Undergrad: 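Please read through the structure below; I'll follow up with questions.
Naming convention: chains lettered A, B, ... in sequence-line order (proteins, then strands); numbering from 1 in each chain. All heavy atoms count here, side chains included; hydrogens, waters and symmetry mates do not. Source: prediction; values computed, not measured.
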Amino acid sequence: MQYRIGTAIGRVALLLAAATGAGAALAQATPDMGKLTATGGVSQVEGAGGGGLTPWALIGGYGSRDSWGANAHYTRVSTQDYSLDSYGVAVGLFDRVELSLATQDFRGSLAPLNDLRIKQDIVGVKVKLIGDAVYDQDRVLPQIAVGVMAKRNKGVGGLGALGVTKVTQLGAKDDSGIDYYVAATKILLDQSLLLNGTVRATKANQMGLLGFGGDKGDSYQAKLEVSAAYMISRKLVAGLEYRMKPRNVGVDDEKAYYDAFIAWFPSKHVSVTAAYAVLGDITVFNPTRQRGAYLSVQTGF
Amino acid sequence: MTMNLKSLSAIALLALAAVGPARAVDDSIYRGLGGREGINNIVATMIKLVLADPRINETFVDSDMKRIEIRLGEQFCVLSGGPCVYNGDEMREVHGGLKVTNAQFNALAEDLQIAMERNNVPSYVQNKLIAKLAPMQRAIVTR
């Protein structure tokens, strides 16, 4: 198991190296900010370009196919009893490849989990395969990309009194794992709509914050994530997202995530996304449906 | 019998003639842009923006801007379903040797969007016109 994840991370590293190999060409290409406003999406909660919860087929950043772009994001979701911070960076190369690094920092605020703290790191690679969401207005084919997210849970804090320091002690089979996904994004300019469907093969419990696999299941499951957004103006997009998730751990009565968002792009250097997110109940010990405000700021070029 | 056939075809022709113009072209985008006058205003604003746009203005240094303005107006009119004729050449021929980049194509699209904004074209109408223009990227961007 450990070895297999090792090789998969090795594969990600190879992809990173290949992308760095493109660095020579990159050094000559100055960032051109050549894409249209909002067409790199925003940073989703695991660091990839997409909506708020779901990776899309769009490549992050504003570099055109001759250039590159990059951005950094900070996102906070606050529900009744928990908070989740996500921060990270992403680079878009030639409007073809997206590399992302993100850290998630999950905290509890309600006793006895008021000292709970779980962090995980996520390395993402996404490659656009076919189609163009913006230009193919005369074709049915969406823009299609494949991606991986390699995740490493860094352990559980705040439960030391119970002797719990690792997610494997909460029922997860593993503290690291890899998600594989295919995303299809179609922008229907004639209807001012953006539609996205993503299928993710995953073992991650609560995105990996509660580890990977568990007492109730330890095999990859394909989960659907959908987004629909209306382009109110060139700088304002509002939409809905729904993300299905597996349910592998007995103590984690995992539910789908969903949200309603509005994203504002005052310039190509800044975007602000506000949402109302519902994350379901996180543990069987606290069956309150967690919901609250989602706020994300992205800056880049 | 022959008479019947003749009158039938005459009726069919009449019916076609009657149906023809009604279903000819949906001109809702054209009307949304403000008709011919609206399009002329949009193109005039756009040309000003393009000439002031450091991303692309140099590419128009040797161009006959008056001619481009007329052709753009005709093109937007035709694409939006208006009663016009485009008298210019194919997009591929016009841009053949220009080595237009994707960023330049998008810069022009952006100037058009801003021009439409300044002329109070509703966003959903703007997007409908951009939808008609976007696929031209394949013919125009050659670098």
Side-chain angles (χ1 to χ4, degrees), chain A residues 28-40 58-59 61-69 92-96 128 130-143 186-195 229-238 264-268 301, chain B residues 25-30 32-33 42 46 49 53-56 58-59 76 79-81 91-92 95 98-143:
Chain A
Q28 295 165 353
T30 47
D32 66 356
M33 306 269 293
K35 286 161 73 174
L36 292 167
T37 301
T39 56
L58 304 176
I59 299 298
Y62 281 107
S64 77
R65 69 185 197 186
D66 307 307
S67 181
W68 62 288
L93 306 173
F94 309 110
D95 199 23
R96 174 66 61 184
K128 171 175 148 182
I130 193 173
D132 190 288
V134 177
Y135 303 122
D136 289 347
Q137 294 300 317
D138 53 346
R139 296 172 178 169
V140 176
L141 183 76
Q143 179 165 327
K186 188 76 201 170
I187 294 176
L188 299 167
L189 280 173
D190 210 33
Q191 284 78 32
S192 294
L193 285 176
L194 179 151
L195 303 175
Y230 183 75
M231 294 176 273
I232 299 166
S233 78
R234 194 162 58 91
K235 298 181 173 184
L236 206 58
V237 180
W264 178 44
F265 301 82
S267 81
K268 286 186 189 174
F301 53 86
Chain B
V25 198
D26 172 9
D27 68 348
S28 59
I29 308 174
Y30 176 73
L33 294 170
I42 291 162
M46 179 183 172
L49 289 167
D53 189 338
R55 298 174 296 180
I56 46 175
E58 282 180 13
T59 56
F76 294 171
L79 286 173
S80 64
M91 284 296 99
R92 205 174 286 278
H95 301 85
L98 297 178
K99 293 212 158 82
V100 177
T101 67
N102 210 68
Q104 288 170 331
F105 179 85
N106 284 349
L108 193 79
E110 222 158 64
D111 288 339
L112 169 60
Q113 286 178 314
I114 295 166
M116 289 192 282
E117 266 167 30
R118 295 208 180 149
N119 286 279
N120 303 314
V121 175
S123 181
Y124 75 92
V125 178
Q126 292 181 30
N127 287 341
K128 283 175 185 289
L129 180 62
I130 299 289
K132 304 271 186 203
L133 295 165
M136 293 180 184
Q137 181 261 5
R138 296 191 287 265
I140 293 174
V141 176
T142 51
R143 200 172 80 178

Undergrad: Report yes if some heavy atom in the side chain of Gln113(B) is under 4.5 Å from a heavy atom in the side chain of Thr37(A); otherwise report no.
TA: no
Undergrad: What part of Arg143(B) gets within 4.5 angstrom of chain A, counting heavy atoms only: side chain, backbone, both, or neither?
TA: backbone
Undergrad: I'd like to check the side chain to side chain contact (heavy atoms under 4.5 Å, CB included) partners of Ala103(B); sequence neighbours left out, ordered by chain and number.
TA: Asp32(A), Ser64(A), Thr101(B)
Undergrad: Are Ile114(B) and Arg234(A) side-chain neighbours, meaning at least one heavy-atom pair lies under 4.5 Å?
TA: yes
Undergrad: Is it true that atom CZ of Phe301(A) has more than 12 heavy atoms of other residues, nucleotides or ligands lying nearer than 6.0 Å?
TA: yes
Undergrad: Could you tell me whether Asp132(A) and Arg138(B) make a salt bridge, using a distance below 4.0 angstrom between a side-chain N and a carboxylate O?
TA: no
Undergrad: Which region of Asp66(A), side chain (C-beta onward) or backbone (N, CA, C, O), has a non-hydrogen atom less than 4.5 Å from a non-hydrogen atom of chain B, or is it both or neither?
TA: side chain
Undergrad: I'd like to check Tyr135(A) versus Asn106(B) (side-chain heavy atoms, cut-off strictly below 4.5 Å). Are they in contact?
TA: yes
Undergrad: Would you say that more than 12 heavy atoms from the other residues, nucleotides or ligands in this model lie under 6.0 Å from the NZ of Lys132(B), or not?
TA: no
Undergrad: I need the residue from Ala107(B), Pro135(B), Pro122(B), Ser123(B) with the largest number of non-hydrogen atom pairs under 4.5 Å to chain A.
TA: Pro135(B)
Undergrad: Write down the atom of Arg65(A), the atom of Asn102(B), and the distance for their closest heavy-atom approach.
TA: CG-CB, 4.2 Å
Undergrad: Could you look at Ile187(A) and say if it's the side chain, the backbone, both or neither that has a heavy atom under 4.5 Å from chain B?
TA: neither
Undergrad: For atom CD1 of Ile130(A), decide whether the heavy atoms of other residues, nucleotides or ligands shown that lie under 6.0 angstrom number more than 12.
TA: no
Undergrad: Any Lys/Arg nitrogen of Lys235(A) or Glu117(B) sitting under 4.0 Å from an Asp/Glu carboxylate oxygen of the other?
TA: no
Undergrad: So for Val125(B), is it side chain, backbone, both, or neither that comes closer than 4.5 Å to the heavy atoms of chain A?
TA: neither
Undergrad: I need the Asp190(A) CG to Ile130(B) CD1 distance, nearest 0.5 Å.
TA: 12.0 Å
Undergrad: Work out which heavy atom in Val134(A) is nearest to a heavy atom in Ala134(B); give both atom names and the distance.
TA: O-CB, 3.6 Å
Undergrad: Chain B heavy atoms under 4.5 Å from Tyr62(A): which part of the residue, side chain, backbone, both or neither?
TA: neither
